[in-house]
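Below you'll find the structure, written out as structure tokens, and then a few comments.
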Protein chains: 2
Amino acid sequence: MAVSVREVAALAGVSLGTVSNVLNRPDKVAPGTVDRVQAAIAELGFVRNDSARQLRAGRSSTVGLIVLDGGNPFFTDVARGAEDAAMTRGLAVLVGNSDESADREQTYVDLFEERRVAGLLVSPAGDDLARLERLRDQGTAVVLVDRRADDDHFASVSVDDVAGGRLAVEHLTGIGRRRIAFVGGPSGIRQVADRHAGAAAAAAEAGATLEVLPTTSLSVLEGRRIGEELQARPATERPDAVFAANDLLAVGLEQAFIMRGSVRVPEEVAIVGYDDIAFAEAAVVPLTSVRQPAQDLGRRAIELLVAQVEQGQGIALEHVEFTPELVVRQSTVPER
Amino acid sequence: MAVSVREVAALAGVSLGTVSNVLNRPDKVAPGTVDRVQAAIAELGFVRNDSARQLRAGRSSTVGLIVLDGGNPFFTDVARGAEDAAMTRGLAVLVGNSDESADREQTYVDLFEERRVAGLLVSPAGDDLARLERLRDQGTAVVLVDRRADDDHFASVSVDDVAGGRLAVEHLTGIGRRRIAFVGGPSGIRQVADRHAGAAAAAAEAGATLEVLPTTSLSVLEGRRIGEELQARPATERPDAVFAANDLLAVGLEQAFIMRGSVRVPEEVAIVGYDDIAFAEAAVVPLTSVRQPAQDLGRRAIELLVAQVEQGQGIALEHVEFTPELVVRQSTVPER
DNA sequence: CTGTTAGCGCTTTCAA
DNA sequence: TTGAAAGCGCTAACAG
């Protein structure tokens with residue numbers, strides 16, 4: 001079937017140990033020999049068998065990544081960042097999609113464990129991290145993604161949603177708005193609660209009011225529903241700015257305002273969204289939004305993982321928390 | 001480090017061959033022994049080493065999938081379908097994102113080849129399939145995804161874009177529209193050309209006209225530009241329906257029509273998009289769109305791959321072409 | 001039904 | 001600088 005080092009060695013007229021050296025430490029081999037071996041490799045189309053390599057070496061050059069939602073752009077960006085960072089280090093990333101199911105997550109953890117991955121990046125589906133702790137205790141590096149580890153059991157990379165909420169509202173007060181509404185829910189979602197907390201703090205500091213308009217989900221439809229309610233109010237009782245917990249809500253608000261033609265954005269009501277989805281820029285009024293550095297998250301997670309692998313168990317577990325950034329567009333600052 | 005079959009065998013008081021049998025052919029082992037071995041496995045937390053297994057077995061239980069664009073919902077759906085189908089067969093899917101770069105694609109092909117994957121699912125970045133042919137000649141099963149293989153070199157799964165274009169225009173003529181416009185471009189993109197061809201055929205059959213409005217890209221902005229042009233025309237010179245080559249264009253058209261308030265959708269102009277992106281349903285006027293069975297594509301690709309693996313080289317190469325389906329919403333048929 | 005044994009392809013001492 | 005040999009963990013004969 002596939003050609004092995006043995007055949008390469010035979011063709012090149014050297015021993016298989018030399019072929020291995022050409023592959024792994026070419027500087028330890030005489031230039032002429034290297035050439036001969038490489039010619040043989042090319043001629044036979046030899047491709048190294050990673051299983052054998054890994055079995056012998058005891059360690060793998062693959063890392064696993066388990067994401068909560070493979071269809072979510074945030075996670076595809078995280079994956080992309082991880083992939084890129086891994087590739088420069090000669091690592092490959094196996095991506096699994098748990099779809100928020102603890103069972104599926106478990107299946108992937110098993111799979112990765114059987115493959116003896118160098119480490120695991122995981123955005124956990126539930127609160128039961130016991131299985132991951134066991135893994136880590138057995139020597140597999142584990143980094144939590146998009147979840148701040150509350151204890152010292154795991155390294156983690158996450159984004160500071162409180163800072164994101166603060167950023168949004170500081171921008172709104174900065175452009176002179178004082179009657180601000182926060183649209184979002186359910187409040188049980190940690191991200192929603194954090195963004196609200198940051199928003200509330202920033203509003204209080206600036207002497208602005210923050211009215212909370214709860215939603216049952218983070219969808220365009222819910223945004224439109226709230227938008228309809230707001231535009232039905234007398235102009236004097238409307239907020240002069242809205243911070244939506246995500247972009248879908250914000251787009252729904254925009255639709256309600258623009259479709260009716262009753263509320264001008266941003267003149268009467270400025271709108272800030274969250275996530276900076278691809279669609280934010282293409283909204284009827286391009287949307288100001290809080291962007292999460294998803295690719296950086298993935299990149300950094302790989303770096304923490306590599307550090308753990310290289311420095312072993314004893315390493316201090318880092319918790320990296322990224323600060324989101326504000327992307328200003330016409331939904332808060334009109335085009336000149 | 002990790003525990004091996006040897007240690008399990010020692011603890012259970014059997015030989016390592018028996019442990020292997022418990023793992024792979026439990027029915028060949030006495031029930032009592034099975035229990036004892038499994039107790040030992042549980043106690044030691046034994047996890048089988050897949051590298052060793054694969055090295056010995058000569059075959060792998062992983063398949064590689066290389067997609068053109070990891071951020072594109074179409075491909076995340078394909079991946080999801082492939083993952084699900086693979087999982088039920090005990091296969092794992094390694095997903096690589098070529099990002100339309102032939103180089104990146106090559107890197108992943110190399111990676112997968114080193115890992116001796118059972119097969120490769122790939123939506124090729126370029127037209128040079130020579131490398132893939134070599135792979136296939138060496139015995140690795142290859143299935144082309146989202147690209148109809150023009151020859152008998154590869155099995156393939158794709159979606160019939162001509163049928164999709166036909167579907168869209170038949171719907172429009174079916175609701176009585178006769179002056180139809182096709183918005184899309186550049187025409188060099190195969191999907192665009194096919195969708196147009198289907199649309200033209202359907203229009204001709206129904207005795208409708210099909211005006212072509214070319215775009216430089218498939219973006220919301222381009223859609224909005226065309227929309228502005230159309231709404232500036234006298235009502236009598238406007239088409240009574242538009243078929244857009246994708247949903248982004250369609251959303252841009254809608255935005256231009258609705259924002260100006262000058263053209264009613266669907267009364268004056270009906271709009272059909274393509275892809276049925278998540279946003280289509282949430283558009284200001286929910287968008288009628290042509291949906292591609294992306295998950296089915298992924299699932300079927302795995303099935304073709306498995307067939308090749310099981311039946312070997314001699315198998316007749318299948319070309320599965322899916323027919324898209326129309327999702328009707330208010331942009332063509334008003335709510336009652 | 002269970003134990004023994006021979007490798008899978010590679011890397012890595014250790015000697016020459 | 002190169003070659004010979006041992007063995008990673010597992011599976012699949014084959015023998016008992």
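Keep in mind that what you see is a predicted model, and the values were worked out from it rather than measured. The basis for the numbers below is simple: all heavy atoms, side chains too, and nothing from hydrogens, waters or symmetry mates.
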Item to check | Net bend of the helix from C/dC1-D/dG16 to C/dA16-D/dT1, end axes of five pairs each, nearest 10 degrees | outcome: 40°

Checklist entry - Does a side chain donor of either A/D275 or A/Q292 reach within less than 3.5 Å of an acceptor in the other side chain? => result yes

Holding to side-chain contact (heavy atoms from CB on, under 4.5 Å), I want the full list of residues that pass it with [X], two or more places apart in sequence or in another chain.
X: A/V34; answer: A/V22, A/V29, A/Q38
X: B/D69; answer: B/N72, B/F75
X: A/E43; answer: A/L11

Under 3.5 Å, which donor-acceptor pairs do the side chains of residues 94-101 of chain B form with other protein atoms, sequence neighbours left out?
residue	atom	partner	partner atom	Å
B/N97	OD1	B/G70	N	3.2
B/N97	OD1	B/D99	N	2.9
B/S98	OG	B/V67	O	3.1
B/S98	OG	B/E100	N	3.4
B/D99	OD2	A/R80	NH1	3.0
B/D99	OD2	A/R80	NH2	3.2
B/S101	OG	B/D103	N	3.2
B/S101	OG	B/R104	N	2.9

Next on the checklist: Counting only side-chain nitrogens and oxygens, does A/S15 get under 4.0 Å of the OP1 or OP2 atom of D/dA4?
Outcome noted: no

Using distance only, find each side-chain donor-acceptor pair of residues 300-311 of chain B under 3.5 Å and give its atom names and separation, not counting sequence neighbours.
residue	atom	partner	partner atom	Å
B/R300	NH1	B/E303	OE1	3.1
B/Q308	NE2	B/V142	O	3.2

Next on the checklist: Checking B/R6 now: which residues fulfil salt bridge (Lys or Arg N to Asp or Glu O under 4.0 Å) with it, not counting sequence neighbours?
Outcome noted: none

Checklist outcome for this item: Residues passing the salt bridge (Lys or Arg N to Asp or Glu O under 4.0 Å) test with B/R148, sequence neighbours excluded, are none

Checklist entry - What is the 5' to 3' range of DNA chain C, first to last nucleotide, that sits under 4.0 Å from any heavy atom of chain B? => result C/dC1 to C/dG9

Item to check | Per-nucleotide protein contact string for nucleotides 9-16 of chain D (B base, S sugar-phosphate only, - none; heavy atom under 4.0 Å) | outcome: BBBB----

Checklist outcome for this item: Residues pairing under salt bridge (Lys or Arg N to Asp or Glu O under 4.0 Å) where one sits in residues 45-54 of chain B, two or more places apart or in two chains, turn out to be A/R115-B/D50

Checklist entry - Could you give all pairs that pass the salt bridge (Lys or Arg N to Asp or Glu O under 4.0 Å) test and reach residues 20-42 of chain B, with sequence neighbours left out? => result none

